[in-house]
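Okay, structure first, notes after.
The figures that follow rest on heavy atoms only: side chains count, while hydrogens, waters and symmetry mates do not. Naming: A, B, ... by sequence-line order, numbering from 1 per chain.
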Amino acid sequence: MSVLAGPDATTIVPPSAPVGGEGVLRRLFRRKLAILGLVIIAAVVLSAVLAPEVAPFDPNEQFFDGLTLEGSPLPPSERFWLGTDLLGRDLLSRILFGARNSLIIGVVANGAALIIGTLVGVVAGYFRGLIGAVLMRFTDLMMAFPALLLAICLAAVLRPSLWIVALVIALVNWVQVARVVYSETRSLGEREFVAAEKTLGASSSRILFRHILPHLTSTVIVYGTLGISTTVLLEATLSFLGVGVQPPDASWGNIIFENQTYFQAAPWLVFFPGAAILLLALAFNLVGDGLRDALDPTEEGRH
Amino acid sequence: MATYLFRRLVQAVLILLGVSLVTFVLLYLLPADPARQIAGRTASAAQVASIRAQLGLDQPFFVQYGRYLASLVQGDLGRSYLQRSQVSDLIASRLPASLLLMVAAIACELLIGLTMGVAAAVRRGRASDHVLMVGSFVTVSAPQFVVGLLLLYVFAVKLGWFPIGGYGTASHLVLPALTLGILGAGWYSRMMRSSMVDVLRQDYIRTARAKGLRRWTILARHALPNAILPVIAMIGIDIGLFMSGIVVVESVFGWPGIGQLAWQAIQRVDLPIIMGVTLVSAVAIVLGNLLADLVAPFVDPRIKLQ
Amino acid sequence: MTSLLKRSVAALALSAAVLATPTIAAAQSGGSITVTYKDDIATLDPAIGYDWQNFSMIKAIFDGLMDYEPGTAKLRPGLAESYEISPDGKVFTFKLRDGVKFHNGRAMTAEDVKYSFERTVDPKTQSPGAGFLGSIEGFEAMQGGTATELSGVKIVDPKTVQVTLSRPDATFLSVMALNFSFIVPKEEVEKYGADFGRHPVGTGAFKLADWTLGQKLTLQKNPDYYREGAPKLDEINFEIGQEPVVSLLRVQNGEVDVPGDGIPPAKFREVMGNPDQAAHVVQGVQLHTGYITMNTKAAPFDNLKVRQAVNMAINKERIVQIINGRATPANQPLPPTMPGYVENFEGYKYDVEGAKKLLAEAGHPDGFETELFVANVDPQPRIAQAIQQDLAAVGIKASLQNLAQANVIAAGGSAEGAPMIWSGGMAWIADFPDPSNFYGPILGCSGAAEGGWNWAKYCNEELDKKAAEADAIVDPAKAAERAAAWGEVYKGVMADAPWVPVFNEKRYTMRSERMGGDDALYIDPVNTPMNYKYVETK
């Protein structure tokens, strides 16, 4: 059931490598959506960096008048734009300050997982043999290993910090990327253009970098962008067990996590941080999509 | 094939051994004294020491690990420190519920995710593609607890279509499977879309089109089988996630799965249960990945088992 | 339809009898109810079960020699028909009730009493409550493995048991009403071995009918129960594994009668703000104190002034507000309803300036850095953050250690201890309503050792002596004197300020429309979430 065999299969010209950086950038900027994404990311980064300047209040201050007399949080108002949380703190300020932690988790930890996972997956999928088997069994081992337990042990032994949680997330998440990339690489490695290159005597690194990796970009982008959301939320679970961002410091994940049972009584406490996570992930996705199209000169009919 | 399978199974045993060793080390290092927890508030030091000796916790690490392996080989996972029941009983009573939910949720994910993914790929760049993209990011970014509670509130409490949680009949299964399925569908649809877009660009699809094949024939016969490969790898991963990490959905819907058992055990440092659940989920993960590797060549015959 | 008809006919037939024998009529009203819990029911073995979920269930399946008047903290004889205490307070003679049968049909005898006590004390049982029986003569020998019997427990005849104590112990009768001294049949324990906790057989008002691990459990009325008029229900179904928020939805929807985990904080205002729902809430006090411990053995909390300063720095009113007013501020270890509570006690008033002054005097004019441990269950981390802010206001920078309960307990009990612990979620809820129960393990010297529950590592030997003296006052006629003696002990504790008593939690239980019975049964001081034996359906 060979579906690949078009009559001209053997004469396919190998898709060529990405062209120079300047061209890529220009093409990227031609896409409005990608620019929108860049703008959003820039805004988030800026507000995280400038949080002390732009935040209306100290994110950890529990305002006496931030709660009703019965101790309920306040809905959005003129004074507290996004309302207050269960301790009477200003939600907007907490989201702005929390952006720092969440960016580190969503971008750095997730990015590290992506890079490790892609490398392992590509190497295992392309070279196969002993290296491949060892790498993939190691991946299986890591996947089968209870991440929460590791987190708790680290929490109990080390001082909790953002970097530990970033480490745990990177350690846990690369395996999934590796698995998916591995299976794609295995299939790519058998494609005609790779075979053609091999017969032409191309080096492994040339094949990897010029032919395999470019074909993996879309998968990697999907993983990387969706991973932003899941890792930001995962950080909250880990914090809960004592590993990561500890109260009173905020992260988008732990704002949601602390307040999720209150989502009927105080929906703003879940909605706003949730929207922030969504926005960040979407923005990266737009940029990622734009980047992929810009990197891929073979594609025709761009819209 | 047979030798490949044999080799993989041997490797699987080694992986499990590795998982058990690392888990055991971590639990050993964990600063929470089970003997003291068992002995309670009024216990004297002598009493704590006696319990420690009875459980063998006063032995050196390798003796403890050796004993654990020795009973494991006989199918004995030990007794829970705090529940005092056989860990195997505790797991066995929850395993069917976990497996059922896993199968239903994966079916949901595939159904929703693949449909959305293919639709988005075919209509690439148009409004519906963008709507589906935003939709999939919303499902992935939404906290599961909230999604579950919302579904429960709307469909069970307000509309009364389904029971408010519980376990037993098909109608109990719908909402938890859907909650998990929606989240997973976000992943599957993005993955499916991207790999479908790649495939649709390939020359053989263009050739097929040029030959005048019908659009749906091209999609179903030529594009889909090639695009589905990464999705299969994801199913393997999912099996693992479902066996260990769905405690939120379980507790919202009162679903008696393994996740809740594990979560309670972790909170209370009930070592035998943690070990048992870890091993069971490790088996599921290893088998899931093996299955994914075995299925891949059938979908894409260029891939050979090595 | 038919069952409804039958029931109303039965009700008619019975109504004539109601006036004459009200208890019997009530006993036959029957009915089946549903109670939910989030966490598993660990075991129903009375020597082992020590959880929020199973503690009261065990009280429904088993009995002790002593018992409580329903809805109160008043002791009354249980399986013992009567008892005598020797003048020196060291010999208790229990006369057993006639005609008490285990669920397996066998009559209970004095042998069973001896066996049950020894089983709890036997180190092989690994009972978390063995220490409660510590005053029985021969306890140490049996715990230490040098004896296989408790020398202090003698069978005088099949209906009489004599217990000799190694020291006078005024709490002994309360201990006889505690789960760990409940009576179990030897043959069943031996039959099931370590699984007895899953196949419990007692003398109690209910017997276990069905148990699907991790899902549901059904208790069925024991028709041969020795006490007339109990139990009132035919059946109690426990459903396990659902979020408290969802359980509450089910209560509101009429599917569940009592949410075992109570009204979750997230739903509290909603329920109380709706008169229809608030009408189903029963509110009462609880023998509970939430407190902050300070490690008195390590700097900076080894300085009394620092501990006093912390006591003055905490804004307890604000903390009570944060938990929606579900508590009252506390100023001493004992809750107000406990004998020995000191009325008019001043305690330490909230005084930020005064606290700063004390800190300066202690040599910390700019405060210091420390750690506050807290269990990671809502609302505890929130309370800890409020404490953190209060401490910051006087210059103390406390970083939070937000951990699983087991890890917090381990940290508190470790040799070096934890600087500060917020007790919430692990706090002392009295095992029995007696002032001594708040002292020994959590404030006495014995608990200050490694692995103990005295997280403040507080040890004042003079107070230990006073406490022992108070407990030696066994004559029930001198109860007031004993309570006053205990009051002095706790005043002494507060002078040393090893704790900040923060609040006494109130209890809020919700019950469905069809649940009947006195409100007191739902806020029973020794049963949570209710006294299963005496509640009924309307």
Part of [X] within contact of chain C (heavy atom distance under 4.5 Å):
X         : answer
Ala39(B)  : backbone
Val252(B) : both
Arg84(B)  : both
Gln267(B) : both

Among [options], who wins on heavy-atom pairs under 4.5 Å with chain B?
options                                    : result
Ile240(C), Ile48(C), Thr212(C), Val377(C)  : Ile48(C)
Asp51(C), Asp45(C), Thr43(C)               : Asp51(C)
Gln405(C), Lys124(C), Glu239(C), Gln252(C) : Lys124(C)

Would you mind checking which part of [X] comes under 4.5 Å of any heavy atom in chain B, side chain (CB onward), backbone (N, CA, C, O), both or neither?
X         : value
Ala449(C) : neither
Ser414(C) : backbone
Asn454(C) : neither
Ser127(C) : backbone
Val408(C) : neither

In Å, rounded to the nearest 0.5 Å, how long is the span from [atom1] of [X] to [atom2] of [Y]?
X         : Y         : atom1 : atom2 : result
Gln83(B)  : Asn54(C)  : CD    : CG    : 9.5 Å
Ile91(B)  : Leu213(C) : CD1   : CG    : 11.5 Å
Leu249(C) : Leu152(B) : CG    : CG    : 6.5 Å
Gln37(B)  : Tyr50(C)  : CD    : OH    : 13.5 Å
Ser93(B)  : Asp40(C)  : OG    : CG    : 8.0 Å

For the pair [X] (side chain) and [Y] (backbone), establish whether a donor and an acceptor sit closer than 3.5 Å, ignoring hydrogens and angles.
X         : Y         : answer
Gln260(B) : Gly241(C) : yes
Gln126(C) : Ile38(B)  : no
Gln54(B)  : Pro123(C) : yes
Glu243(C) : Phe253(B) : no

- Message: Does atom NZ (Lys38(C)) have a neighbourhood of more than 12 heavy atoms from anything else shown, all under 6.0 Å?
- Response: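 Yes, enclosed.
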- Query: Which of the residues Ser251(B), Pro256(B), Gly40(B) is involved in the greatest number of heavy-atom pairs with chain C at under 4.5 angstrom?
  - Reply: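 Of the candidates given, the most pairs with chain C belong to Ser251(B).
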- Message: If you compare all heavy atoms of Ala406(C) against all heavy atoms of Val269(B), which two are closest, and at what distance to 0.1 Å?
- Response: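 Distance-wise, the nearest heavy atoms are CB-CG2, 3.3 Å.
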- Message: Do Asp89(B) and Arg198(C) make a side-chain contact, defined as non-hydrogen atoms from C-beta onward lying under 4.5 Å apart?
- Response: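 Side-chain contact under 4.5 Å: yes.
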- Are the side chains of Val121(C) and Gln47(B) in touch, meaning some heavy atoms are under 4.5 Å apart?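 A side-chain contact under 4.5 Å is absent here.
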- Are Arg268(B) and Asp39(C) ion-paired here, with the side-chain N under 4.0 Å from a carboxylate O?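 Here Arg268(B) does not pair with Asp39(C) in a salt bridge, since their nearest N and O are not under 4.0 Å apart.
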